[in-house]
Amino acid sequence: MNNDEQLRTPLFDAMVQLAESKKISFHTPGHKSGKGISTRFRKFVGNKIFSIDLTTLDEVDSLQKPKGVIKEAQALAAKAYGAERSYFLVNGTSVGNHAMILTACDPNTKVIVSRNAHKSVIAGLILIGAEPIFVKPKVDTQLKLTLNTTFEDIKATIENNPGAKVLFLTSPNYYGVCVDLKKIISYAHEKGLAVLIDEAHGPHLKFHKDLPISALEAGVDMCVQSTHKIIGGMTQASMLHARGERVNLNILTNILKLVQTTSPSYILMASLDLARMQIATEGEKLLSKTIKLAEEARTKINKIPGITCFDKEIIAKYNLGDLDITKLTITVKDIGLTGYQVSQLLNTKYGIQVEMADPFHILVIVSIGDRRDDLKMLVSALEDIAITENQLKLTSIDDIQLPVFDNKVAMTPREAFFDKNRFVTINESAGKVCSEIITVYPPGIPILVPGEIISEEMVDYLKKMIDLGATIDGLNEDNTHIGIVDR
Ligand SMILES: Cc1ncc(COP(=O)(O)O)c(C=O)c1O
């Protein structure tokens with residue numbers, strides 16, 4: 001890669017130049033470079049940010065039809081990541097997942113989907129009407145953690161479904177667990193399937209040799225990355241990367257025009273331009289430090305009685321692909337507290353906020369923005385909690401099961417979502433067909449997908465999660481009712 005070229009930030013430079021020219025604006029945004037913004041807002045963030053809150057103008061190009069600096073910035077991203085074409089996204093990886101599915105599928109296309117997909121993947125399937133064939137991810141019953149799908153399971157599903165045209169996987173998952181990308185992609189291609197990867201958690205992988213192989217390096221056709229989750233993008237700023245051998249890039253370009261706003265935030269897009277520059281030119285150095293911090297913390301956390309933080313051994317145990325070691329999945333169930341309780345304690349007592357919690361774990365994302373002192377504070381807070389707080393002991397933690405990802409399917413997600421629906425109490429819902437995407441959020445992996453039959457076990461699981469105070473998306477506001485197909 002030509003690092004001098006990667007130092008360029010054409011979009012950001014054009015924005016700064018336009019802001020500094022102080023032209024009189026009779027266009028949107030209505031705050032006119034901050035002159036019309038509320039004083040409270042300006043007082044807190046300062047003036048400058050408003051001067052680069054621009055709109056589509058000749059000087060700064062158009063995301064809908066890029067032919068200037070946005071085109072150049074996207075081309076630099078494609079070069080840095082090794083794509084044929086890269087696209088800036090301003091509605092997160094969610095819109096990228098929608099666009100990938102709308103591009104690669106027709107209504108009724110059979111798509112093999114790892115069941116640990118984010119809800120936006122199900123939304124994409126609803127939009128197009130494609131038929132998912134779900135593959136169950138491996139689950140570690142001791143850790144009580146859903147991992148990822150294996151090559152063997154994907155291969156068997158491809159063999160059993162010769163009509164499938166598309167394979168959709170999530171790698172890394174939220175916990176950094178990757179599938180065996182190279183083996184799976186090359187097998188799927190051999191069998192004629194296009195491969196799409198939700199790589200929300202992997203925009204950094206390409207830039208350090210000690211991190212797992214990236215989807216593009218492994219030969220994927222399309223992937224989406226949440227630049228905002230892991231590296232320097234601002235919230236909502238993601239990228240979609242594509243290659244045209246098995247995917248029609250003209251259709252993809254048109255679909256993105258359909259699903260993205262006509263008023264993209266230039267601040268978000270500039271953050272993509274700058275995040276790409278930073279990771280392409282300084283990534284190795286920054287990530288070396290990140291990896292070191294994460295590994296030091298993992299070692300220390302594993303010395304705390306009752307608390308564990310798994311490492312790459314888990315990959316070999318389940319024949320998966322690799323582990324992104326910058327993610328720390330911290331299992332707390334053996335100190336007798338739920339992940340929710342530990343997360344709450346860290347927040348209220350120690351001023352530490354983690355990425356997410358579930359009944360058994362907390363998840364810590366270590367990134368290029370972390371400092372050694374931050375991790376020291378985390379380790380010492382966990383040591384403290386392990387010793388002093390376990391009188392809160394929740395004896396029933398071990399009774400809580402993981403969601404079972406083998407619900408029976410009665411109809412496609414689209415059929416169920418758009419069919420006549422009604423709400424019933426959770427107790428009444430067993431045996432009925434779910435019409436909503438039900439997720440415990442985060443991680444946003446649906447425990448029920450529209451079209452799946454709600455089992456007695458799922459009713460129990462939902463009730464237990466509600467009792468634990470989990471955030472459940474897709475139920476009614478009071479968490480008492482669930483949407484079903486009214487047949
Ligand atoms: C695996 C995965 N895919 C997609 C998404 C959605 O990404 P975004 O929030 O950027 O829309 C998430 C968000 O948590 C995720 O974890």
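When a ligand or atom number is given, it counts from 1 through the structure's own listing order.
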Under a plain distance cut-off of 3.5 Å, with no hydrogens placed, do [Y] and [X] share a side-chain donor-acceptor pair?
X      : Y      : result
Asn148 : Asn173 : no
Arg276 : Ser86  : no
Tyr87  : Gln260 : no

At a non-hydrogen distance cut-off of under 4.0 Å, which region of [X] contacts ligand 1 (side chain, backbone, both, or neither)?
X      : value
Asp198 : side chain
His228 : side chain
Ser94  : both

Mind checking whether His201 has a heavy atom under 4.0 Å from ligand 1?
->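 A heavy atom of His201 does come that close to ligand 1.
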Which of the atoms of ligand 1 are close to [X], meaning less than 4.0 Å from one of its heavy atoms?
X      : value
Ser226 : 7 (O), 10 (O)
Thr170 : 1 (C)
Gly92  : 10 (O), 11 (O)

For the rings on Phe168 and Phe134, is their centre-to-centre separation under 6.0 Å?
->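 Ring centroids of Phe168 and Phe134 are no less than 6.0 Å from each other.
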What about Phe310 and Tyr175, are their ring centers closer than 6.0 Å?
->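 Not under 6.0 Å, so no.
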Could you check atom 6 (C) of ligand 1 against the protein and tell me its nearest heavy-atom contact, residue, atom and distance included?
->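 Nearest neighbour among protein heavy atoms for atom 6 (C) of ligand 1, to 0.1 Å: His118 CE1, 3.4 Å.
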Could you tell me the residue and atom name of the protein heavy atom closest to atom 14 (O) of ligand 1, and the distance to it rounded to 0.1 Å?
->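 Among all protein heavy atoms, the one nearest atom 14 (O) of ligand 1 is Lys229 NZ, 3.3 Å.
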Do we get Lys138 above Tyr318's six-membered ring, with its NZ or CZ under 6.0 Å from the centre and within 45° of the axis?
->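 Judged by the rule (NZ or CZ under 6.0 Å from the ring centre, within 45° of its axis), Lys138 is not positioned above Tyr318.
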Give a yes or no on whether a salt bridge exists between Glu452 and Arg115, defined as a side-chain N under 4.0 angstrom from a carboxylate O.
->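 Judged by the 4.0 Å cut-off on N to carboxylate O distance, Glu452 and Arg115 do form a salt bridge.
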Measure from atom 7 (O) of ligand 1 to every heavy atom in Asn173, Leu89, Thr93 and give the option owning the shortest one.
->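 Ranked by closest heavy atom to atom 7 (O) of ligand 1, first place is Thr93.
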